[in-house]
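For reference, the structure discussed in these notes is given below.
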Amino acid sequence: MLERLNRFLYLPPRGVLIINTIFFGVVFLFAIIGYFSETINKAVLPLAKTDDSLWLATSILLLGLLGVSALIFSRTLKFFLCARQCLTATFGTTVIVAVLYAAIWSLIRIAEGKQQFVLFHPGMWNLQATVNNVKYGSVLLLFVSSVSLLGSWALSLQPGHDFTPLITAWRKWKGPVEKLAKSTRLTFVEHEALIESTEGMLTALNTIAAPVQPLSSAAAEELRDPLLNFQNWYTKKTHVSFLDCHGLESDVATDASRILRLC
C-alpha cells in the first residue's frame, strides 16, 4: 500500500511529520489571530493586481507551482533511488501541498473577514477566487520554505542514502547484458566489466541503511534475487571461457529484464 502511494507522493518520516504538524499548528494559530497578518499582507501585496484577471492569476499560479515542484524535487531527491521515481512523486506532492496551503490561506482570509466559507454552498463557488487562493497558497509556501515541511531542519538533518554506487554499477552492467540479449558474444573487456558491475550492485544493495522512501527500498530489494540468479548463471556459463556465453538463456532472461528496469 505504501509503495503504491509512494509512486505519487513523498512520504515524510513520522518524526518529521509530527514535528512539522505541531510547529505549523502553532504558526497557523498565530496567523488566525492576526499575529502575522501585516507580514503576510506585505509579502503578497505585489500579487493583488492579478486578482481580477483569471489569465494573470493562472499564470502566477503555474509559476508558483513550478517553484513548489522544484523545491520538493530538490529537497526529496536524496530519499529516492533515482530522479524518475522522485519526479513522479513530486507531481502528486505538489498538488497536495498546494491545496493544503490554499486551504490555510483561505482560513486566514476568512478569519480576517475578507472571505466567506462557501465549501458547502456550490452556488457561491467562484473560479477566480479559487485560483487566487491556490496562487497565494503556493506563494505562501515558497515564502516560508525555510521553515516548511519540505525545508525544515528536521527534514534537512535526515541523511538519505547515496544510491550513486548502485546506479553507476547498473549502468556498467546494462551495456553488456543488452548485448547478450541480442545473442552477441562479449569482448573480454565487457566480460570483466559485467562481472565487476554485478559484484558492485550486490555490494551496494548491502549498504542501504539510511532512510529511503518505501518505493525505492522495495525496488532495490527486488534486485537481490535476480542479481544472484544472474551471477550464478553467468559464472557457470563462463567457467571455462567467456566465449562460451553468446546470449541470455530463457531461465535468466526474465531476471535480466527485471534488473534492466531498475529505474
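Ring centroid separation for the pair F8 and F91 does not come in under the 6.0 Å cut-off. H191 and Y234 have their aromatic ring centers within a separation under 6.0 angstrom.
With hydrophobic clusters built from ILVMFWY side chains whose heavy atoms lie under 4.5 angstrom apart, F242 does not share a cluster with W173. No continuous path of hydrophobic side-chain contacts links V212 to L215 [ILVMFWY only; heavy atoms under 4.5 Å].
Each ring pair (Phe, Tyr, Trp, His ring centres under 6.0 Å) pair with one or both residues in residues 244-263, not counting sequence neighbours, would appear here, but there are none. Within the structure, disulfide (SG to SG under 2.5 Å) contacts touching residues 222-260 (residues at least two apart or in different chains) do not occur. Residue pairs meeting the side-chain hydrogen bond (donor to acceptor under 3.5 Å, both in side chains) criterion with at least one partner in residues 213-223, sequence neighbours excluded, are N6-Q213, Q85-S216, E221-R224, E222-R258.
Of all heavy-atom pairs spanning N229 and V252, the tightest one is O-CG2, 4.4 Å. The shortest non-hydrogen separation linking D244 to K237 is CB-O, 3.5 Å. Pairing each heavy atom of T50 with each of A57, the nearest pair is O-CB, 3.6 Å. Taking both residues in full, the closest heavy atoms of T94 and L65 are given as CG2-O, 3.9 Å, listed atom of the first, atom of the second, then distance.
K172 NZ: 12 or fewer foreign heavy atoms inside a 6.0 Å radius. Residue E192 places its CD atom among more than 12 non-hydrogen atoms of other residues, nucleotides or ligands, all under 6.0 Å distant.
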Does the pair K179 and T187 meet the rule for a side-chain contact (heavy atoms from CB on, under 4.5 Å), with working shown? CA-CA 10 Å; K179 188 173 181 179; T187 64; 4.2 Å; yes

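No hydrogens or angles considered: nothing links the side chains of S197 and W170 as a donor-acceptor pair under 3.5 Å.
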